[in-house]
Each structure stands twice: as structure tokens, then as C-alpha cells.
Amino acid sequence: MGVGIAVGLSGFAFGVTSAGAGLTLLQSCALSLLVFTGASQFALVGALAAGGNPLTAAAGAFFLGVRNTFYGLRLSQLLALPRYVRPFAAQWVIDETTAVALAQPTRRGVRIGFTVTGLTLYVLWNLTTLLGALGAEAIGDTDAWGLDAAGPACFLALLAPMLRTTRERAVAAIAVVLGLGFLPLLPAGVPVLIAALAAPAELWFEGRRAGRGTAAESAGESGRGTTDRKETDR
């Protein structure tokens, strides 16, 4: 419940940001009800607010949301829900519910953690989205309040603890360089798509390094074998 309440309250920032980007009250609430994945929602309205093409903005939001598919593959094994329940449970497969569920030691704990976090967060996120969109006019200029930074800040807060290995940090660093490098050159929403190339780029570099290491090791073994043969001949 703590996770659900803490993150659910940031829906207010989304509602305000969405209204500031020109979306109607109905559109803002529909995004939270139907999409329900904060990073993708913020990415979409952020790109629209910056004047980006709607299709490009939607593509960026889609690619950010793809990670939930991989969460679902793991959670389907842990939750082991009946088939008729799975389509409804899929709506709640997001960062927070996955993190809480994976931290539980038993299947019963996984189900309780997933359900309580999902229900709390879904209800609060949608309620605060509504309040934020309604209160946007009273707040006035959302840029002056800096609420447009709330989305990226929340996303970074979720991402930072996950960067535990050198490879993960390298992917994040490359993504930052690509995103910032192309920001002044491409339309809004496109740089985040370019930044997604960081993962395959890092895998390619890792493959090259591993290939060179294998080649060097093979050369060393070959050299040692030649030396051994010469000593045997002598």
C-alpha cells in the first residue's frame, strides 16, 4: 500500500502536465485508465507539449511500455492465475507491481503484493490524474511550477536502483548521450527512440570484446602448444 500511495500521488503531476500539453480532461483520464504506465504517459504528453508529431509521440510511449511485456512473462509464472483472470491482471503489470511481487517469498505473498499494489496504485493514479487535470487552470502556467520535470524525475528514481552492473550503467550512459545529442537535431519524441539503440549498441560492443578475448586466448593456447611441441622434440 505504501508503494501504491506514494507513486499514485504523482498522478496529480501527470494530470497537470497533460492538461498543460493541450489534452482535454477526457483524454487525460483515458490515458490513465487505459494506458496506465506512468513513464509512457509522461513521454507521450511531454512530446506533444514540445510540439512533436502525435505518431512519433505515441511510438516513443509504446517502446517505453514494451518493458511491461517482459515483466508479464515473469509474473505469469509467479502468479499462476486462471486464464480468465489474466487479461484483467495484465492491466496492472507495471514497474511497481512487478517490484513488489518479485520481493515476496511465497506465491500467496506474490499474489497479495501484486493485487494490493495494483489496486491501490490504479485507483489513486486515476483519481489524482482527474484532480490534476481539473486543477491545471487554477495552477496556471505549469512550466513555472516545474511540474513537467515530475515525470522524468519519477522515472529516474525507479531506474537508478536497477543500474547495478557495469553493462547496465553503460547502456544508460549511451542512451543519455544519444538522447541529448539528437535533442537539438530531431523533432520532439524522436530522440527517445534513437536512445533505445543504446541496448543493441552495448551488446554489439560486448560481443566484439568477447570475440577479441576468445581470439587472444586461442592464440595464447596455440603459442603454448607450439612451445610444448618444440620442447618435446628437443
Side-chain angles (χ1 to χ4, degrees), residues 1-15 18 23 26-45 57-133 150-165 167-168 171-172 192-193 196 199-200 203:
M1 288 186 68
V3 172
I5 292 171
V7 180
L9 292 176
S10 62
F12 181 82
F14 170 74
S18 180
L23 275 69
L26 181 60
Q27 290 171 330
S28 299
C29 291
L31 277 173
S32 286
L33 285 167
L34 302 176
V35 179
F36 187 56
T37 175
S40 295
Q41 292 179 232
F42 275 110
L44 176 64
V45 298
F62 170 80
F63 281 112
L64 281 175
V66 165
R67 70 190 188 283
N68 296 336
T69 303
F70 299 100
Y71 295 162
L73 292 173
R74 178 61 177 143
L75 287 177
S76 66
Q77 300 173 353
L78 296 176
L79 292 169
L81 298 172
R83 289 187 178 273
Y84 67 89
V85 177
R86 292 180 185 179
F88 302 99
Q91 179 69 354
W92 288 355
V93 176
I94 54 176
D95 298 301
E96 294 79 11
T97 55
T98 303
V100 172
L102 291 177
Q104 309 310 313
T106 64
R107 174 160 293 168
R108 181 172 181 272
V110 169
R111 288 180 172 180
I112 292 174
F114 177 83
T115 303
V116 172
T117 306
L119 177 62
T120 307
L121 183 50
Y122 190 74
V123 171
L124 269 179
W125 180 265
N126 281 281
L127 178 60
T128 53
T129 294
L130 173 62
L131 295 176
C154 291
F155 189 67
L156 287 174
L158 292 170
L159 177 65
M162 300 180 186
L163 303 179
R164 297 170 183 168
T165 67
R167 174 182 290 181
E168 291 165 351
V171 170
V192 71
L193 300 180
L203 289 174

key: Minimum heavy-atom distance Gly72-Val93, with the two atoms named   = N-CG1, 3.7 Å
request  = First locate atom CG of Leu130, then atom CZ of Phe12, and finally report the distance between them rounded to the nearest 0.5 Å.
outcome  = 11.0 Å
Expected output: side-chain Gln104 to main-chain Val100 donor-acceptor under 3.5 Å = yes
ask   = Is it true that a side-chain atom of Ser40 and a backbone atom of Gly65 form a donor plus acceptor pair closer than 3.5 Å?
value = yes
task = Drop me the distance from Leu75's CG to Leu81's CG, to the nearest 0.5 angstrom.
result = 9.0 Å
ask   = By salt bridge (charged side-chain N to carboxylate O under 4.0 Å, His left out), which residues pair with Arg107, not counting sequence neighbours?
value = none
Point-to-point distance, once rounded to the nearest 0.5 Å, from CG of Leu31 to OG1 of Thr37 = 11.5 Å
Side-chain donor or acceptor of Arg111 paired with backbone N/O of Ala80 under 3.5 Å = yes
query = Distance from Phe42 atom CZ to Leu44 atom CG, nearest 0.5 Å?
reply = 11.5 Å
note = Smallest heavy-atom separation, Val116 atom then Met1 atom, equals CG1-CG, 3.4 Å
inquiry  = Tell me which pairs pass side-chain hydrogen bond (donor to acceptor under 3.5 Å, both in side chains) where either residue lies in residues 76-90, with sequence neighbours left out.
reply    = Arg74-Gln77
CG-CD1 distance between Leu121 and Ile94, expressed to the nearest 0.5 angstrom = 4.5 Å
task = Can you run down the side-chain hydrogen bond (donor to acceptor under 3.5 Å, both in side chains) pairs that involve residues 115-133, sequence neighbours left out, and say none if there aren't any?
result = Ser32-Trp125, Ser32-Thr129, Gln41-Trp125
request  = Please tell me if the side chains of Ile5 and Leu124 come closer than 4.5 Å, counting only heavy atoms from C-beta onward.
outcome  = yes
query = Should the heavy atoms of other residues, nucleotides or ligands under 6.0 Å from OH of Tyr71 be counted, would the total exceed 12?
reply = yes
query = Tell me, do Val7 and Asp95 make a side-chain contact under 4.5 Å, heavy atoms counted?
reply = no
